[in-house]
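Okay, so here's the structure we're looking at.
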Amino acid sequence: MDKVVIVGGGPAGRVVVHSLHAAKKEYDVVLIKDEEINVNRCSIPYGIVDKKPVEKYCISDSLITEFGAKLVIDTVVEINKEENFVVTEKGQKFNYDHLLLATGSKPIIPPITGIDLDNITSVRSKADLERLRKYAKEYKKCVVVGGGYIGVEVAVVLKKLGLDVTIMEMLPHILLATMDDDFAEIIENHVKEKGINVMTEAKVVEFTGSEGKVKQVILENGERIDADFVIVSVGVVPNTELAEKSGIEVSKFGVVTDDYLRTSVENIFAAGDCAEKKSFITKKPTRGEFGTNAVFMSKVVGANIQGKNVIFPGVINANASTAFEYSFGSAGLIQKMAEKEGLDIVVGESEVLDMYPMMDGVDKIKTKLVFDRKTGKLIGGSVLRKGHCTANNVDFISFAIQMGATIEDIMKYQYATHPELAAKPSDNTYVFAARDALSKM
């Protein structure tokens, strides 16, 4: 019976456990994770509201143990590549035929003076969630350092709870990692209208406090902002320390893998946040620390452990989020990313009603589709709308990219319509964006 060792208890590790459990062949699977309880990281902002117990936002270990794997709570400190075993901090030794590195990512902790003061937290663990619940009840003034998805989501939740919230972002606008400037400005203005103070091009240089607790955030320009607590959400980096220590090839993007997600050591795989990803479109290394990418990659790893030789085609990085009344998201290369790659593109835009015009509550869907000018193929897109339906729009864009859809294909797209659920029969947000792009070819 082949022995499989998985290092990491996030979605990448769990999906491989499930894949091998469903296999026709039987495997001896051990999953080693260093967190006794894993929280669903994406849900932490929404767990700050204490209507449900913290446990509701945690991931049950039964998703590992009930699928035939042995669970070990420990930290792997050594990989012996020659003799195929790992050693843990507690001195346990586990042999393997196949090893998966699914060590995830870790939050970036910027080297800011005073960052070790109390009442400064990241948004990553069960302990972080418990701290955030406590702070939200006890305090009134919060500064969020970082205006990406998590930073904005946390800020919105805290504002809804009645706190005084300031977002500090070094870039010209919030959300620029996943949105073009024009879309980002709409959301930035919206959260400002809802009472969140947004400070852009704001570089934090120091935290000061008294009695060991943070009291002020100091900017490079000398401005001081009062704070009862601070949330640092400036991104994550791949956790590659174990791989690097073991002589496995890594890059700034993560553990380097081939098309089959094998590392520089043939019987060692890597997947999820810790692994380098390649863009589905450019085939170049790219970032993509999304739970969905971990799932997609691990399905390939599970198949390849079984000897199926499945190629991972690369990540499209489909993503979505919300802020008060809006939801928004993107997939593939948005306009500025494609331009940065030097691609010859044509961009189609549309603004279509989300219901029939006579219906109550009707609003607009803004869509931007990015096509390769030479081939006509869709390579990216963005959606911004009121309500919480954007994930479905992003999923369509992602699937169309996967299937190699062209402008002409989308022009022929057949869709449903209904007065309360969609635009009138003649209108469709993707078709209108494709038509706009075609007019620019």
Side-chain angles (χ1 to χ4, degrees), residues 147-149 169-187 200-201 235-238 249-259 273 275-290 292-293 296-297 311-320 328-350 366-384 393-394 396-411 430 433-441:
Y149 273 3
E169 171 56 57
M170 287 182 63
L171 297 176
H173 299 290
I174 61 173
L175 301 170
L176 289 184
T178 50
M179 300 177 76
D180 287 321
D181 289 40
D182 53 344
F183 277 25
E185 285 183 57
I186 293 171
I187 301 303
T200 53
E201 297 182 296
V236 297
V237 291
E249 185 181 357
V250 303
S251 76
K252 66 178 182 179
F253 295 101
V255 181
V256 175
T257 64
D258 63 11
D259 289 343
D273 282 7
E276 180 181 275
K277 292 134 194 95
K278 291 182 176 64
S279 165
F280 181 90
I281 296 138
T282 68
K283 305 306 178 185
K284 296 178 182 178
T286 187
R287 301 297 300 270
E289 288 78 22
F290 297 108
T292 44
N293 284 342
F296 307 147
M297 296 173 83
I311 289 175
F312 182 66
V315 297
I316 295 176
N317 282 339
N319 62 85
F328 41 88
S330 63
L333 300 182
I334 58 177
Q335 183 177 355
K336 66 181 179 184
M337 291 176 183
E339 290 171 346
K340 187 176 180 181
E341 289 289 338
L343 301 178
D344 185 11
I345 60 171
V346 58
V347 179
E349 299 183 57
S350 68
K366 292 177 69 68
T367 300
K368 186 185 291 190
L369 298 181
V370 182
F371 296 91
D372 182 289
R373 187 181 293 274
K374 183 178 179 180
T375 65
K377 286 187 177 182
L378 181 68
I379 61 172
S382 309
V383 178
L384 172 67
N393 299 113
V394 170
F396 169 85
I397 295 170
S398 179
F399 190 61
I401 293 170
Q402 284 180 260
M403 300 307 294
T406 64
I407 293 178
E408 294 290 350
D409 292 329
I410 294 175
M411 290 290 290
Y430 314 117
R435 186 178 68 184
D436 182 53
L438 190 61
S439 72
K440 302 171 183 175
M441 291 288 278

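Keep in mind that this is a model prediction, so the values were computed, not measured. Values below: all heavy atoms of this structure, side chains included; hydrogens, waters and symmetry mates excluded.
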Check whether any side-chain heavy atom of Thr257 sits under 4.5 Å from a side-chain heavy atom of Phe312, and report yes or no.
-> no
Looking at [atom1] of [X] and [atom2] of [Y], how far apart are the two atoms once the value is rounded to the nearest 0.5 Å?
X      : Y      : atom1 : atom2 : answer
Met337 : Ser279 : CE    : OG    : 9.5 Å
Asp180 : Gln335 : CG    : CD    : 5.0 Å
Met179 : Tyr149 : CE    : OH    : 6.5 Å
Leu176 : Asp181 : CG    : CG    : 5.0 Å
Lys377 : Asp372 : NZ    : CG    : 9.0 Å
Phe280 : Asn317 : CZ    : CG    : 12.5 Å

Take Arg435 and Ser439 through the side chain to side chain contact (heavy atoms under 4.5 Å, CB included) test and state the conclusion after the steps.
-> CA-CA 6 Å; Arg435 186 178 68 184; Ser439 72; over 6 Å; no
Kindly say whether [Y] contributes a backbone atom to a donor-acceptor pair with the side chain of [X] at under 3.5 angstrom?
X      : Y      : answer
Asp436 : Ala433 : no
Glu169 : Leu171 : yes
Lys277 : Ile316 : no
Asn293 : Gly288 : yes
Asn319 : Ser330 : yes

Residues which pass ring-ring contact (aromatic ring centres under 6.0 Å, His included) with Phe296, listed by chain and number, not counting sequence neighbours | none
Flag yes if more than 12 heavy atoms outside Met170 fall under 6.0 Å of its CE atom; otherwise flag no.
-> no
Which atom of [X] lies closest to which atom of [Y], heavy atoms considered:
X      : Y      : value
Ala338 : Ile379 : CB-CD1, 4.3 Å
Val370 : Ile334 : CG2-C, 4.1 Å
Ile407 : Ala437 : CD1-CB, 4.1 Å
His173 : Ala184 : CB-CB, 4.3 Å
Glu289 : Pro238 : OE2-CG, 4.2 Å
Gly147 : Ile174 : O-CB, 3.4 Å

Only one of Lys374, Glu339, Arg373 clears side chain to side chain contact (heavy atoms under 4.5 Å, CB included) with Ile345; which?
-> Glu339
Steps toward side chain to side chain contact (heavy atoms under 4.5 Å, CB included) verdict (Asn393, Thr367) | CA-CA 9 Å; Asn393 299 113; Thr367 300; over 6 Å; no
Would you call Lys368 and Asp182 a salt bridge, taking side-chain N to carboxylate O under 4.0 Å as the test?
-> yes
Using side chain to side chain contact (heavy atoms under 4.5 Å, CB included) as the criterion, list what pairs up with Asp259, not counting sequence neighbours.
-> Ile311
Between Glu276 and Ser251, do the side chains contain an N or O donor and an N or O acceptor separated by less than 3.5 Å?
-> yes
Under 6.0 Å between ring centres, would you say that holds for Phe183 and Phe328?
-> no
Between Ile397 and Tyr430, is a side chain to side chain contact (heavy atoms under 4.5 Å, CB included) present by the stated rule, with each step listed?
-> CA-CA 9 Å; Ile397 295 170; Tyr430 314 117; 4.3 Å; yes
